[in-house]
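Working notes for the structure below.
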There are 2 protein chains.
Amino acid sequence: MSNNQFKKGELYSFITGKASTAIARRLQKKFNMAGLNITIEQWSVLYHLWKREGISQQELCNATFRDKPSITRLVDNLEKLNLVKRVPSEHDRRINLIYLTRQAQKLQEDTMTVAEETLNEALETVPADKVDICKEVLQIVYDNLK
Amino acid sequence: MSNNQFKKGELYSFITGKASTAIARRLQKKFNMAGLNITIEQWSVLYHLWKREGISQQELCNATFRDKPSITRLVDNLEKLNLVKRVPSEHDRRINLIYLTRQAQKLQEDTMTVAEETLNEALETVPADKVDICKEVLQIVYDNLK
DNA sequence: TTTGAATAGTTGCACAAACAACTATATGTC
DNA sequence: GACATATAGTTGTTTGTGCAACTATTCAAA
């Protein structure tokens, strides 16, 4: 049985990710207004390093769904900003382990607060049970396609 | 009452748009495999021109949620690919009206089929009523932030 | 009718993504 | 140990995005 739930007119915003684009733009604006001088993409890398630092670039690729060149350049820029440091692994000289600087550690609390604020603004007036269903659907979509 | 539905661990994929990124990547791959040599972003512009051509770049900005420079360059590239044509408006010489070439008209059916296919793959196993709720939530998110 | 503000579009710059081609290191097999 | 293969990371190219600054045209008010 085909799952043909999308009439043509509705397909556009799903594919283009209108909602997540709007969230990202709002978050970026809030970062800028708060004087937090990082991009959303840089933040998304730091996000995983705050959970666990000293992981390899490849692990960052997996965590952030980005390819290796993207992570190379994000780490390049984060290094220029003095937020992370590449440390060659002792066991495997192919690997860089990525560590946070003290400056990056200080960013965590502020940026997380702004991120939560942004999501609360985004989800204002949406009942919690619908948010749950939405998250569930998006997770399935991701699993179906990955 | 705060709408604090997001625990920290869940905030990431919402902001980064994991699902819509996955959809866009899958669609791009399918375009490539079908020999349809356009990007998703170019397709999103053509999408609106197929609905109504002869609109201005500014109208394309509004329709696609992009800023003017982005549309300028997308139209540049679509013109290089011989898919659209800028025609200066007779009434207002500031305005370019964008028209489809015959080549672009031929692309419509194929790309729309692939797009619908992609969404059906993405939503396989998702019950229709949950998809509806998800769309509803994403629309509210967009409205809350725009 | 002139002047100032608004609008449409372009250009430059920094950042990011996707792909292909590349280097260096590690691993597994003969 | 030597060689093929896999893995980690880098670099180049094209495309797209967001912002600021710019040109050209239109419009409205004095």
Side-chain angles (χ1 to χ4, degrees), chain A residues 15-18 20-33 37-46 55-81 83-84 86-98, chain B residues 16-18 20-33 37-46 54-81 83-84 86-98:
Chain A
I15 288 180
T16 54
K18 251 174 53 171
S20 58
T21 304
I23 292 174
R25 282 184 194 158
R26 172 67 64 95
L27 180 55
Q28 183 68 67
K29 236 170 232 167
K30 281 170 155 285
F31 278 174
N32 297 342
M33 301 223 294
N37 254 349
I38 58 172
T39 66
I40 302 304
E41 294 82 3
Q42 291 165 0
W43 175 82
S44 81
V45 171
L46 294 177
I55 62 179
S56 69
Q57 295 187 199
Q58 183 57 55
E59 287 174 295
L60 281 174
C61 293
N62 302 335
T64 63
F65 325 112
R66 290 183 168 85
D67 67 359
K68 290 191 289 181
S70 294
I71 290 296
T72 291
R73 276 139 187 164
L74 281 171
V75 172
D76 284 350
N77 286 336
L78 285 167
E79 250 187 344
K80 276 185 214 155
L81 292 168
L83 293 173
V84 306
R86 284 178 168 97
V87 177
S89 164
E90 311 237 319
H91 308 307
D92 185 336
R93 289 193 297 163
R94 292 171 302 180
I95 293 179
N96 293 330
L97 302 176
I98 311 300
Chain B
T16 55
K18 252 174 53 172
S20 58
T21 305
I23 293 175
R25 283 184 192 156
R26 172 68 63 94
L27 180 55
Q28 184 69 68
K29 238 171 229 166
K30 281 170 157 282
F31 278 175
N32 296 342
M33 301 223 293
N37 255 349
I38 57 172
T39 66
I40 303 304
E41 293 82 3
Q42 290 164 1
W43 175 81
S44 81
V45 171
L46 294 177
I55 63 180
S56 69
Q57 295 187 198
Q58 183 57 55
E59 286 175 296
L60 281 174
C61 292
N62 301 336
T64 64
F65 324 114
R66 289 182 169 85
D67 67 357
K68 290 190 289 178
S70 294
I71 290 297
T72 292
R73 275 136 186 165
L74 282 171
V75 172
D76 284 350
N77 285 337
L78 285 167
E79 249 187 344
K80 277 186 211 152
L81 291 168
L83 294 173
V84 307
R86 284 179 167 97
V87 177
S89 164
E90 312 237 319
H91 308 308
D92 186 336
R93 289 191 298 163
R94 292 171 302 181
I95 294 179
N96 293 330
L97 302 176
I98 312 300

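The model shown is predicted, which means the values in this text are computed figures rather than measured ones. Chain A is the first sequence line, chain B the second, and so forth, proteins listed ahead of strands; every chain is numbered from 1.
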When you check the phosphate oxygens OP1 and OP2 of C:dA18, does a side-chain N or O of B:Arg25 lie under 4.0 Å from one of them? yes
Applying side chain to side chain donor-acceptor pair (under 3.5 Å) between A:Asn32 and each of A:Lys30, A:Lys29, A:Gln28, report the one that passes. A:Gln28
Nearest to the side chain of B:Pro69, which nucleotide is it out of C:dA17, D:dT10, C:dG12? C:dG12
For A:Val84 and A:Leu46, what are the C-alpha separation, side-chain angles and deciding distance, and is it a side chain to side chain contact (heavy atoms under 4.5 Å, CB included)? CA-CA 8 Å; A:Val84 306; A:Leu46 294 177; 3.9 Å; yes
Go through the N and O atoms of the side chain of A:Arg26 and the base of D:dG18, and report whether any donor-acceptor pair is under 3.5 Å. no
Side-chain N or O of A:Gln42 less than 4.0 angstrom from OP1 or OP2 on C:dA16? yes
To the side chain of A:Ser70, which of C:dA18, D:dT10, C:dG9 is closest? C:dA18
Short side-chain N/O contact from A:Asn77 to OP1 or OP2 of C:dA14, under 4.0 Å: no
Assess whether one donor atom and one acceptor atom, taken from the side chain of B:Arg73 and the base of D:dG18, lie less than 3.5 Å apart. yes
Can you find a donor-acceptor N/O pair under 3.5 angstrom joining the side chain of A:Arg94 to the base of D:dT7? yes
Can you confirm whether B:Phe31 sits close enough to B:Gln42 that some side-chain heavy atom of one is under 4.5 Å from a side-chain heavy atom of the other? no
Could you state the atom-to-atom distance from CG of B:Leu74 to C1' of D:dG18 in whole Å? 13 Å
Determine whether the side chains of B:Ser44 and A:Thr16 contain a donor N or O and an acceptor N or O closer than 3.5 Å. no
To the nearest Å, give me how far apart CG (B:Asp67) and C1' (C:dG12) are. 14 Å
Rounded distance (Å) that lies between atom P of D:dC19 and atom CD1 of A:Ile40: 11 Å
Can you tell me how far P of D:dG9 sits from CG of A:Leu97, to the nearest Å? 8 Å
Rounded to the nearest Å, what distance is computed from the CD atom of residue A:Gln28 to the C1' atom of nucleotide C:dA16? 12 Å
5'-most by nearest nucleotide on DNA chain D - A:Ile71 or A:Lys29: A:Ile71
Rounded to whole angstroms, how far apart are CD on B:Glu90 and P on D:dT26? 12 Å
With a 4.0 Å cutoff (strictly under), does any side-chain N or O of B:Thr72 reach OP1 or OP2 of C:dT11? no
Counting just side-chain N and O atoms, does A:Asn96 come under 4.0 Å of either OP1 or OP2 of D:dT10? yes
I want to check one thing: is the phosphate of D:dT10, taken as OP1 and OP2, less than 4.0 Å away from some side-chain N or O of A:Gln57? yes
Could you state the atom-to-atom distance from NZ of A:Lys68 to P of C:dC19 in whole Å? 14 Å
Protein-nucleotide distance (B:Phe31, atom CZ; D:dT15, atom P), rounded to Å: 17 Å
Counting only side-chain nitrogens and oxygens, does B:Arg93 get under 4.0 Å of the OP1 or OP2 atom of C:dT7? no
Would A:Asp76 and A:Arg73 count as a side chain to side chain contact (heavy atoms under 4.5 Å, CB included) if you check the C-alpha gap in whole Å, the side-chain angles of each, and the deciding distance to 0.1 Å? CA-CA 5 Å; A:Asp76 284 350; A:Arg73 276 139 187 164; 4.2 Å; yes
Using the closest heavy atom to pick a nucleotide of DNA chain D for each, name whichever of A:Asp92 or A:Thr21 lands nearer the 5' end. A:Asp92
What closest approach, in Å, do B:Leu97 and B:Ser56 show between heavy atoms, and which atom pair accounts for it? CD2-N, 4.0 Å
